[in-house]
Amino acid sequence: MEDDERRRLGGNPDWMSRLPGELLDVPLWNLALPGSHDSMSFCLDVSSPVLRSEPGFLRLTDRLFPCCTRPCVSRWATTQQSVLSDQCDLGIRFLDMRIARKPKGGSKLFFAHGIYTLITVKEALDELATWLDAHPKEIVIICCSHFESLTDEDHVQLVEFIVKLFGNKLCPSQDTPTLRSCWARGQQVVVSYDDQQMAMQHPELWTRVPYWYADSPDPERVIAYLEEKQRGGRPAGFYVTGLNLTEDAPYVLLHPFQSMRKMTMKALSLLLRWASKQRPGDEVTGVNIVCCDFVEVSQFCSLVIDLNSKLLAAVCTETPT
């Protein structure tokens, strides 16, 4: 699809339904799928406390100087700027949802990255369900993870809500999903649930999706890490190649007026250039889900979607005439 047509459509809202027929029977874990890292971090609540899982010194400074600590945490923990439906319109098909219970949030569940979000899990998933109804041939992978301070009862109620909300749209973990098979069954949602016990109890849930994550603020180190992982071979099913950077305490102290957005913008061209050279598929180095921060500020989604043209060429070569 040409860039001007993408702009006219507001991004890539229906890109899966527009893929060539030769790719409709390819397992979804062999396609290139754009994903957003920390998908819900666009709505962090600067009035909320720092997470209990954060380092002790950060929690201490939060108790002593919350008016300084929380805006700083928000500046470095915000990795997205668009609501879920807008991310999906851009072409995002993997959502990184880190779920948490606030200390004084009652029975409601929220998301978290450093601090908690304003939007609840129910509100976010309801928004996603509405978007899926409007785009019946698009398939989204939801990765539920971290589960900060959740109880066993929280897990039970969360899974019950997910199963009730998406119903027959859920793709069971026993399947090998392709676009054609999902369309035939009306399936649009793959839910990865990073709690093995719950995932084993519910066939609607998939186990944890591996995420290749370099944990570095240096884009060259990120690329070196990803290439080292590739040499070891890709996982058999869904997996994530993370283009996202990570700050540490020394980096923040040395760059007091920066933010995650500024750090990402400086590195983005190098990371996207590396991504453009990748190819999806089942070969050793084949990429699947590619995640990035601030997905709306570049051609990231279109770049990842266009990687499927390389797979198309390979499929056409293998298909006898």
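Computation of the quantities below employed the complete heavy-atom set of this structure, encompassing side-chain atoms and omitting hydrogens, waters and symmetry-equivalent molecules.
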Would you say that [X] contacts [Y] through its side chain, given a criterion of any heavy-atom pair below 4.5 Å between the two side chains?
X: C144; Y: S192; answer: no
X: L150; Y: L109; answer: yes
X: R208; Y: S145; answer: no
X: W206; Y: C171; answer: yes
X: V140; Y: V189; answer: no
X: C291; Y: F94; answer: yes
X: V240; Y: V209; answer: yes
X: P172; Y: Q187; answer: yes

Would you please indicate if the ring centroids of Y193 and H155 are separated by under 6.0 Å?
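So the answer is yes for these two rings.
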Ring centroids only, cut at 6.0 angstrom: are Y225 and W212 within range, meaning strictly under it?
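Not close enough - the centres of the two rings lie 6.0 Å or further apart.
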Which donor-acceptor pairs under 3.5 Å do side chains of residues 38-46 form with protein atoms, sequence neighbours excluded?
residue	atom	partner	partner atom	Å
D38	OD1	R98	NE	3.0
D38	OD2	H113	ND1	3.4
D38	OD2	H113	NE2	3.2
S39	OG	S36	O	3.0
S39	OG	S36	OG	2.6
S39	OG	D96	N	2.8
S41	OG	D38	O	2.9
S41	OG	T79	N	2.9
S41	OG	T79	OG1	2.8
S41	OG	Q80	N	3.2
D45	OD1	S47	N	3.0
D45	OD1	S47	OG	2.6
D45	OD2	S47	OG	3.1

For E204, check side chain to side chain contact (heavy atoms under 4.5 Å, CB included) against everything at least two apart and list the hits.
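Only V163, L170, H202 meet the side chain to side chain contact (heavy atoms under 4.5 Å, CB included) criterion with E204.
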What pairs with S276 under side chain to side chain contact (heavy atoms under 4.5 Å, CB included), at least two apart in sequence or on another chain?
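Once residues adjacent in sequence are excluded, the partners of S276 under the side chain to side chain contact (heavy atoms under 4.5 Å, CB included) criterion are L303.
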Tell me whether [X] is salt-bridged to [Y], with the criterion being a basic N under 4.0 Å from an acidic carboxylate O.
X: D133; Y: K169; result: yes
X: E148; Y: R101; result: no
X: K137; Y: D14; result: no
X: D175; Y: R185; result: yes

Is there a side chain to side chain contact (heavy atoms under 4.5 Å, CB included) between E220 and I223? Walk through the geometry before answering.
CA-CA 5 Å; E220 293 185 353; I223 291 171; 5.8 Å; no
Rounded to the nearest 0.5 Å, how far apart are [atom1] of [X] and [atom2] of [Y]?
X: T207; Y: D194; atom1: OG1; atom2: CG; result: 9.0 Å
X: L245; Y: D215; atom1: CG; atom2: CG; result: 11.0 Å
X: I289; Y: Y239; atom1: CD1; atom2: OH; result: 9.5 Å
X: I115; Y: W76; atom1: CD1; atom2: CH2; result: 15.0 Å
X: Q87; Y: S82; atom1: CD; atom2: OG; result: 6.0 Å
X: C182; Y: L28; atom1: SG; atom2: CG; result: 5.0 Å

Polar side-chain atom of [X] near backbone of [Y] as donor-acceptor pair, under 3.5 Å:
X: T246; Y: P217; value: no
X: N244; Y: C292; value: no
X: D89; Y: P13; value: no
X: D195; Y: M198; value: yes
X: T78; Y: R75; value: no
X: N288; Y: L31; value: yes
X: E123; Y: T120; value: yes
X: R93; Y: E138; value: no
X: S74; Y: R70; value: no
X: R234; Y: G281; value: yes

Quick one: do [X] and [Y] end up in the same hydrophobic cluster if we chain Ile, Leu, Val, Met, Phe, Trp and Tyr together by side-chain heavy atoms under 4.5 Å apart?
X: V191; Y: F111; answer: yes
X: L271; Y: I92; answer: yes
X: L268; Y: L226; answer: yes

Side chain to side chain contact (heavy atoms under 4.5 Å, CB included), that's the test. Do D293 and L243 meet it? Break it down for me.
CA-CA 8 Å; D293 293 330; L243 299 182; over 6 Å; no
Would you sort out whether V26 and L311 count as a side chain to side chain contact (heavy atoms under 4.5 Å, CB included), showing the intermediate values?
CA-CA 10 Å; V26 173; L311 182 59; 4.0 Å; yes
Taking all non-hydrogen atoms of both residues into account, name the closest pair between L158 and F147 and its distance.
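Where L158 meets F147 most closely, the heavy atoms are CD2-CE2, 4.3 Å.
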Can you list the residues that meet the salt bridge (charged side-chain N to carboxylate O under 4.0 Å, His left out) rule with D126, with sequence neighbours excluded?
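Here the qualifying residues are K122.
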Side-chain H-bond candidate by donor/acceptor type, [X] with [Y], under 3.5 Å:
X: D218; Y: Y251; value: no
X: W29; Y: D282; value: no
X: Q278; Y: Q230; value: yes

Just say parallel, tilted or perpendicular for the rings of H135 and W131, cut-offs at 30° and 60°.
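H135 and W131: parallel rings.
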Just to verify, what does F300 make a ring pair (Phe, Tyr, Trp, His ring centres under 6.0 Å) with, not counting sequence neighbours?
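Listed in chain order: nothing, the list is empty.
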Output all residues satisfying ring pair (Phe, Tyr, Trp, His ring centres under 6.0 Å) with W274, sequence neighbours left out; order by chain, then residue number.
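Once residues adjacent in sequence are excluded, W274 has no partner under the ring pair (Phe, Tyr, Trp, His ring centres under 6.0 Å) criterion.
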[atom1] ([X]) with more than 12 external heavy atoms under 6.0 Å:
X: E227; atom1: CD; value: yes
X: Q174; atom1: CD; value: yes
X: E228; atom1: CD; value: no
X: M200; atom1: CE; value: no

Does the pair V73 and V50 meet the rule for a side chain to side chain contact (heavy atoms under 4.5 Å, CB included), with working shown?
CA-CA 8 Å; V73 171; V50 168; 4.2 Å; yes
Which residue is it: L33, L24, L23, N308? I am looking for the one with a side chain to side chain contact (heavy atoms under 4.5 Å, CB included) to M16.
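That would be L33.
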